[in-house]
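Heavy atoms only: backbone and side chains are in, while hydrogens, waters and symmetry mates are out. All values derive from a computational prediction rather than experimental measurement.
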Amino acid sequence: MARKRLRADEAGFGLIELLIAMVILNVGLLAIVASFQAGIVSLSRASRVTTAAVLADQQMEVYRAITYGSIRLASSSIPGTAPYTTDPAYNATQITTPACSGTPLPDECNASRVITGADNKSYRMDVFIVTTAPAGGRSMKQVTIVVRDANNLSRVYVRQASSFDQSTG
């Protein structure tokens, strides 16, 4: 008789154990799914930053391949609005020339443009060229390239700067 009561008291206990085990399993699975999602977001961002860095490097190579006197922007290509004018690299006395012409403008003359990367996503490339003069030295041109998300201009992926001396041609 005591055995029958013991078994009667355990009725439904296996169902409760199964329910607890399923809840613990679900929590573990959701944690794994969340970590995969975070990994996908991180990989996507890394891909965008890498593509933006390649685009900035390609543009900087354009300036490295031309003479010192050719490093300038077309004044007509400089935007008068943010985020271009609010960027720390912006200076109202940028090196410009009216001599750049053509449709479209040559890459070395264009201050701001939207381009498509190898990943088929749009990026906005802003170029700033200013004169700098180190103490006691001759003037140099500083080229700063900023690559942003074309759909969210407040998101900067890459900022790259290089100085060019008159000895470059």
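As a member of the Ile/Leu/Val/Met/Phe/Trp/Tyr network built from side-chain separations under 4.5 Å, L25 groups with L29. Applying the under-4.5 Å side-chain rule to Ile, Leu, Val, Met, Phe, Trp and Tyr, the cluster around L18 extends to M22.
Sorted by first then second residue, the salt bridge (charged side-chain N to carboxylate O under 4.0 Å, His left out) pairs that include residues 69-83, not counting sequence neighbours, number zero. Applying the ring pair (Phe, Tyr, Trp, His ring centres under 6.0 Å) test to pairs two or more places apart or on separate chains, none has a residue in residues 28-49. Applying the ring pair (Phe, Tyr, Trp, His ring centres under 6.0 Å) test to residues at least two apart or on different chains, none of the pairs has a partner in residues 136-155. A ring pair (Phe, Tyr, Trp, His ring centres under 6.0 Å) check over residues 126-150, counting only residues at least two apart or in different chains, returns the pairs Y84-F128. Within the structure, every pair that satisfies the salt bridge (charged side-chain N to carboxylate O under 4.0 Å, His left out) test and touches residues 39-56, not counting sequence neighbours, is listed here: R48-D149. Sorted by first then second residue, the side chain to side chain donor-acceptor pair (under 3.5 Å) pairs that include residues 105-115, not counting sequence neighbours, are Q59-R113, D107-R113, S112-R124, S112-D126.
S42 meets the side-chain contact (heavy atoms from CB on, under 4.5 Å) test with no other residue; sequence neighbours excluded. A search for side-chain contact (heavy atoms from CB on, under 4.5 Å) contacts involving V54 returns Q58, not counting sequence neighbours. Residues forming a side chain to side chain donor-acceptor pair (under 3.5 Å) with N152 (at least two apart in sequence, or on another chain): S154.
Closest of all the heavy-atom pairs between A53 and V158 is N-CG2, 3.4 Å. Closest non-hydrogen pair, V114 versus A150, comes out as CG1-CB, 4.1 Å. Between Y90 and T85, the shortest heavy-atom distance links the atoms CD2-O, 3.4 Å. In terms of heavy-atom proximity, M125 sits nearest to L55 at CE-O, 3.4 Å. For the residue pair Y123 and G117, the shortest heavy atom distance occurs at CD1-N, 3.9 Å.
Without hydrogens or angle criteria, T51 side chain to S47 main chain gives a donor-acceptor distance under 3.5 Å. Although no hydrogens or angles enter the test, the distance criterion places a donor-acceptor pair under 3.5 Å between the side chain of S77 and the main chain of C109.
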Show the atom names and distances, to 0.1 Å, of all donor-acceptor pairs under 3.5 Å that link a side chain in residues 136-146 to residues at least two apart or in another chain.
from: R138; atom 1: NE; to: D165; atom 2: OD1; distance (Å): 3.2
from: R138; atom 1: NE; to: D165; atom 2: OD2; distance (Å): 3.3
from: R138; atom 1: NH2; to: D165; atom 2: OD2; distance (Å): 2.6
from: K141; atom 1: NZ; to: Y68; atom 2: O; distance (Å): 2.8
from: K141; atom 1: NZ; to: I71; atom 2: O; distance (Å): 3.0

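Between V127 and Y63 the shortest side-chain heavy-atom distance falls below 4.5 Å.
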